[in-house]
Amino acid sequence: MENSIFVITASVQYLNQCLNELQELDGSVRTVKLTDNGIAIIETKQNKNDFIHKVKAKSPIFLRHMNAVDYILDIADDGPEKIAASVRGYAGIVPGRRVAVQVRKGTGAYSYGPMDIKRTIDGVLEDILDAIPEVKEPELIISIMMCSGKCYIGLGCPEDNISAWSGGMMHYRKSEDDISRAKFKLMEAIEVFHIDMGVYHSALDLGAAPGGWTSVLLEHGLQVTAVDTGDMDERLYKYPGFRFIKKNVSELELEKESFDLLTSDISWNPKNTARLLVKASEYLKEGGAAVVTLKLMGDKVRRTIKEVLAIYEEAFEILKIRQLFHNRDEVTLFLMKR
C-alpha cells in the first residue's frame, strides 16, 4: 500500500510542536519537506481516510489546517494548464457542487501566481464540470501547494481540512471602529469551536480593558460585566447592557452563579491566571461556559499546557483547546463548568 501524503499548516513558531503531536498520534508520520512559513509536507503509512479520522478524533492543539494530497506534479511554465487538467479527473466534482480553489506558495520562483492557477481552475469548474466556484461556504475544496518545482493537489471537504480557510488563516474585515484587534481572537474561537452565542445571556469579561472581547459579546446581544484596573473604551458605554467594574480581578466580589459565560484574555502567568479563573468560576451558573487564553511562556510548551489544564480541571471540563490563527504565543480554551 502506498503511503499517504498531507500538507499541514501551523504557526511558524509552533510547527515543530504540531509535528510532534502528529507523530505521537501516528508513529509512522515523517516529515518530507518543511517551509519557512509554517507549512510542512508529511507522509504516513496510514491510508488517507484513517489518518483524517485519527486527527479529527484527537484534535491536535497546534494543527491549524491540513489537506490530503492526491496528485504531485512537476510544474514549469505550463503549470496552470497542467494543474487544471488534473482537476478534471476528480469524480467527486459533479454538476452543482460548490467548490473552492485554495492555492498557496511554499518555496520556489514561478512565472505565474496563485491567482493565475485559481482563474484557470475556476474556468474548468464552470465550463467543463458545471460546478460552482465558491469562496465562503464550499462543499469541497481543491487545495494546491506549489513547492520547490512541484505542485501538491488534493480534494477534500472543509471538515477534513480542519478549516475551510486556506491554511487555516481566518481573516476578518478590519475597521477603524475596532476597539482592539484582540477581538478577532474571540470571534475566531466562536467560529472554530462552534459556540452557539444565542444560548448565553450574561457574560463576565475579566481583564477586559480596553474592551475588544467585551465589544464582541455586546454585539452578540449579551449583558456584559467587564472587570479591569485599566480604562474601557468610551464607545462601549453606548450599550445598555454594559457594566464596568474598575477593580483588580483578584479583589472581585459578585453574586455567585450570576453569569452563564466567562471570558478572559489576561496577559499574565498562565498558572496564576488559571487559579484566578478557577476561583471566578463560582460566579458561573451550573453548566456555564468559559473562553480563555492560555499564554505560552518559556520553552516547555507542552508541559506548561498540561500543568495549566490540570488547574482548570478543578472547576471545568476542557471542551476544546486550539492554537488559533489570531493567537500568538498562546492557545485558546473552551471550557464548561463542572
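These values consider heavy atoms only, across backbone and side chains, with no hydrogens, waters or symmetry-generated copies. Throughout, numbering of the chain's residues begins at 1 and tracks the sequence. Model, not experiment: these values are computed from the prediction.
- Looking at Asp116 and Arg119, a side-chain N of the basic residue comes within less than 4.0 Å of a carboxylate O on the acidic one, giving a salt bridge.
- With 3.5 Å as the limit, one finds a donor-acceptor pair spanning the side chains of Arg243 and Thr225.
- Counting non-hydrogen atoms of neighbouring residues, nucleotides and ligands closer than 6.0 angstrom, the CG atom of Asp127 exceeds 12 such neighbours.
- Salt-bridge check for Glu24 with Arg302: passed, with a basic side-chain N closer than 4.0 Å to an acidic carboxylate O.
- Of all non-hydrogen atoms in Ile83 and Ile121, the two that sit nearest each other are CG2-CD1, 3.8 Å.
- Following chains of ILVMFWY side-chain contacts shorter than 4.5 Å, one can reach Leu186 starting from Met336, so the two form part of one hydrophobic cluster.
- Leu206 and Val216 end up in different hydrophobic clusters when Ile, Leu, Val, Met, Phe, Trp and Tyr side chains are linked at under 4.5 Å.
- How far OG1 of Thr273 is from CG of Leu294: 8.0 Å, rounded to the nearest 0.5 Å.
- The shortest non-hydrogen separation linking Val292 to Tyr312 is CG2-OH, 3.7 Å.
- A donor-acceptor pair under 3.5 Å links the side-chain atoms of Lys82 to the main chain of Asp74, judged by distance alone.
- One N or O on the side chain of Gln102 and one on the backbone of Ala164 form a donor-acceptor pair closer than 3.5 Å.
- Within 6.0 Å of NZ in Lys285 there are more than 12 heavy atoms belonging to other residues, nucleotides or ligands.
- Legend: salt bridge (charged side-chain N to carboxylate O under 4.0 Å, His left out) pairs involving residues 220-230, not counting sequence neighbours: none detected.
- Contact of the Leu217 side chain with the Met197 side chain is registered, since non-hydrogen atoms from C-beta on lie closer than 4.5 Å.
- Scanning all heavy atoms of the two residues, the minimum distance from Ser281 to Phe316 falls at CB-CZ, 3.6 Å.
- Atoms CE and OG, from Met187 and Ser215 in turn, are 8.5 Å apart once rounded to the nearest 0.5 Å.
- In this view, Glu134 and Arg98, Lys136, Pro138 satisfy the side chain to side chain contact (heavy atoms under 4.5 Å, CB included) rule, not counting sequence neighbours.
- Ionic pairing of Lys118 and Asp122 is present here: one or more N-O contacts between side-chain nitrogen and carboxylate oxygen are shorter than 4.0 angstrom.
- Across all non-hydrogen atoms, the minimal contact from Ala189 to Val291 is CB-CG1, 4.1 Å.
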For this session: May I have the step-by-step check of side-chain contact (heavy atoms from CB on, under 4.5 Å) for Ile132 and Leu125, ending in yes or no?
Result: CA-CA 7 Å; Ile132 303 169; Leu125 292 173; over 6 Å; no
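- Note that the OH atom of Tyr283 and the CD atom of Glu257 stand 12.5 Å from one another [nearest 0.5 Å].
- Residue Ile42 shares its hydrophobic cluster (ILVMFWY side chains chained together at separations under 4.5 Å) with Phe6, Ile8, Leu15, Leu19, Leu22, Leu25, Val29, Leu34, Phe51, Ile52, Val55, Leu63, Met66, Ile162.
- The structure places NZ of Lys300 at 9.0 Å from CD of Glu307, a figure rounded to the nearest 0.5 Å.
- Across all non-hydrogen atoms, the minimal contact from Ala131 to Val94 is CB-O, 4.1 Å.
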For this session: Start with the C-alpha distance between Met146 and Tyr110, add both sets of side-chain angles, then the distance that settles side-chain contact (heavy atoms from CB on, under 4.5 Å), and finish with yes or no.
Result: CA-CA 9 Å; Met146 298 185 292; Tyr110 306 89; 3.9 Å; yes
Problem set entry | Pair Thr229-Asn248, side-chain hydrogen bond (donor to acceptor under 3.5 Å, both in side chains): steps then yes or no | CA-CA 6 Å; Thr229 55; Asn248 192 299; 5.9 Å; no
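- Taking Asn272 as the reference, Trp268, Asn269, Arg275 meet the side chain to side chain contact (heavy atoms under 4.5 Å, CB included) condition, with sequence neighbours excluded.
- Here salt bridge (charged side-chain N to carboxylate O under 4.0 Å, His left out) pairs that include residues 25-42, with residues two or more places apart or in two chains, are Arg30-Glu43.
- Remark: side-chain polar atoms of Gln323 are not paired, donor with acceptor, to backbone N or O of Ala10 under 3.5 angstrom.
- In the hydrophobic clustering, Val69 connects to Ile5, Val7, Val32, Ile39, Ile41, Ile72, Met145, Tyr152, either directly or through intervening members, whenever side-chain heavy atoms lie under 4.5 Å apart.
- Between the side chain of Arg64 and the backbone N or O of Leu324 there is at least one donor-acceptor pair closer than 3.5 Å.
- In this structure, the salt bridge (charged side-chain N to carboxylate O under 4.0 Å, His left out) partners of Lys56, at least two apart in sequence or on a different chain, are Asp160.
- Residues passing the ring pair (Phe, Tyr, Trp, His ring centres under 6.0 Å) test with Tyr172 are Phe184, His326, sequence neighbours excluded.
- Atom NE2 of His53 has 12 or fewer neighbouring heavy atoms from other residues, nucleotides or ligands inside a 6.0 Å radius.
- The pair Arg97-Glu139 meets the salt-bridge criterion, with a side-chain N (NZ, NE, NH1 or NH2) lying under 4.0 Å from an Asp/Glu carboxylate O.
- To the nearest 0.5 angstrom, Ile141 atom CD1 is 8.5 Å from Ser166 atom OG.
- Defined by atom type and a distance below 3.5 Å, a donor-acceptor pair is missing between the side-chain atoms of Ser4 and Thr44.
- In terms of hydrophobic clustering, with Ile, Leu, Val, Met, Phe, Trp and Tyr side chains grouped at heavy-atom distances under 4.5 Å, Phe62 and Trp165 are assigned to different clusters.
- Residues passing the side chain to side chain contact (heavy atoms under 4.5 Å, CB included) test with Tyr239 are Leu218, Glu219, Phe242, sequence neighbours excluded.
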Exercise. Should Ile266 and Leu276 be marked as a side-chain contact (heavy atoms from CB on, under 4.5 Å) after you check the CA-CA gap, both sets of side-chain angles, and the distance that decides it?
Worked result: CA-CA 10 Å; Ile266 297 175; Leu276 194 69; 4.3 Å; yes
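- Met169 is not connected to Val103 by any chain of hydrophobic side-chain contacts under 4.5 Å among Ile, Leu, Val, Met, Phe, Trp and Tyr, and they are in different clusters.
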Problem set entry | side-chain contact (heavy atoms from CB on, under 4.5 Å) evaluation trace for Leu284 with Asp260 | CA-CA 5 Å; Leu284 272 178; Asp260 46 28; 5.5 Å; no
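- Using modelled atom types, one finds no donor on one side chain facing an acceptor on the other under 3.5 Å when comparing Ser143 with Arg104.
- The stretch residues 200-209 participates, sequence neighbours left out, in these side chain to side chain donor-acceptor pair (under 3.5 Å) pairs: Asp205-Thr214, Asp205-Thr263.
- Residue pairs meeting the side chain to side chain donor-acceptor pair (under 3.5 Å) criterion with at least one partner in residues 328-338, sequence neighbours excluded, are Gln13-Asp329, Tyr14-Asp329, Lys185-Glu330, Lys295-Glu330, Asn327-Glu330, Asn327-Thr332.
- The CZ atom of Arg322 sits 8.5 Å away from the NZ atom of Lys320 when rounded to the nearest 0.5 Å.
- Smallest separation of non-hydrogen atoms from Val12 and Gly38: CG2-N, 3.5 Å.
- His220 pairs by the ring pair (Phe, Tyr, Trp, His ring centres under 6.0 Å) definition with nothing, not counting sequence neighbours.
- No more than 12 heavy-atom neighbours from other residues, nucleotides or ligands sit within 6.0 angstrom of NZ on Lys256.
- Contact check on Lys246 versus Asp231 returns a salt bridge, with a Lys/Arg side-chain nitrogen under 4.0 Å from an Asp/Glu carboxylate oxygen.
- With hydrophobic clusters built from ILVMFWY side chains whose heavy atoms lie under 4.5 angstrom apart, Ile61 does not share a cluster with Ile195.
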